[in-house]
Amino acid sequence: MKNIENDIKILLNLFSSGRFDLVVSKTKKLIRNFPEYLILYNILGSAYQKTGNLKLAKLIFIKGYKMDSNNIAIMNNLANVYKNDGEIELSENLFKKIIERKPDYINAYVNYGNLKRDNNEFELAIDLYNKALKIDQKNPAVLYSLALAYQGLGKFDVAIDYAKKTML
């Protein structure tokens with residue numbers, strides 16, 4: 001038990017340092033020995049996503065989701081893969097499900113907002129970001145996302161104000 005926890009810490013450090021190919025190979029070996037550890041699927045899928053392999057990332061996240069359909073992190077990552085793969089409806093449905101199950105999960109609001117912003121639905125994106133802002137008023141990702149959404153609307157003064165807040 002202690003070894004797997006240590007291995008996971010090592011994987012997370014490798015992931016943080018951008019060594020995704022090494023993360024993939026080490027995580028695959030660990031999954032063979034510890035197939036019940038859901039975090040390994042999240043790490044592996046995220047590493048595939050970082051290397052641009054959305055097909056494998058999706059397969060891994062789906063496998064993890066089938067193992068535990070209540071795991072918010074897996075759901076969020078799968079929704080992001082769907083978004084990046086152009087499967088907007090699947091992505092949107094998962095983000096809604098996350099928000100319903102865990103209304104204080106800020107990443108779901110930000111990622112769902114990003115989906116809306118990427119589809120030029122700036123007002124809807126701003127609404128989602130504002131919901132995230134109610135959870136954490138100083139979150140730089142939320143403030144930056146708001147700046148981008150207001151920029152997309154052509155409201156540059158408001159965009160600049162939010163951009164400045166990211167630096168406080």
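Position 1 is the first residue of the sequence, and the numbers go up from there.
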Parallel, tilted or perpendicular: rings of Phe20 and Phe15 (30°, 60°): perpendicular
Separation of [Y] [atom2] from [X] [atom1] (nearest 0.5 Å):
X	Y	atom1	atom2	value
Asn71	Arg101	CG	CZ	10.5 Å
Asp161	Leu146	CG	CG	11.5 Å
Asn70	Lys102	CG	NZ	12.5 Å
Ile99	Ile106	CD1	CD1	11.0 Å
Glu87	Asn93	CD	CG	11.5 Å
Leu94	Asn77	CG	CG	11.0 Å

Asp127/Tyr109 under side chain to side chain donor-acceptor pair (under 3.5 Å): CA gap, chis, key distance, verdict: CA-CA 9 Å; Asp127 182 53; Tyr109 293 101; over 6 Å; no
Over 12 foreign heavy atoms within 6.0 Å of CG, Asp68: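 Yes.
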Glu36, CD atom: more than 12 neighbouring heavy atoms under 6.0 Å: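 More than 12 within 6.0 Å, yes.
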Can you tell if the side chain of [X] reaches within under 4.5 Å of the side chain of [Y], non-hydrogen atoms only?
X	Y	answer
Asp7	Leu40	no
Val23	Leu12	no
Val142	Asp136	no
Lys138	Leu168	no
Asn114	Tyr129	yes

Counting distance only, does the side-chain N/O of [X] pair as donor-acceptor with the main-chain N or O of [Y] below 3.5 Å?
X	Y	answer
Thr51	Tyr48	yes
Thr27	Val24	no
Asn111	Asn107	yes
Tyr82	Lys58	no
Ser145	Ala141	yes

Ionic contact status for Lys116 with Glu123, cut-off 4.0 Å: no
Leu44, Ile74, Leu56 screened by side chain to side chain contact (heavy atoms under 4.5 Å, CB included) with Phe61, the one that passes: Ile74
No-hydrogen, no-angle side-chain donor-acceptor test under 3.5 Å, Tyr112 and Asn76: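 On atom types as modelled, these side chains do not qualify, holding no pair under 3.5 Å.
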Side-chain hydrophobic cluster, 4.5 Å single linkage: members besides Leu148: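 Its cluster mates, by chain and number, are Tyr144.
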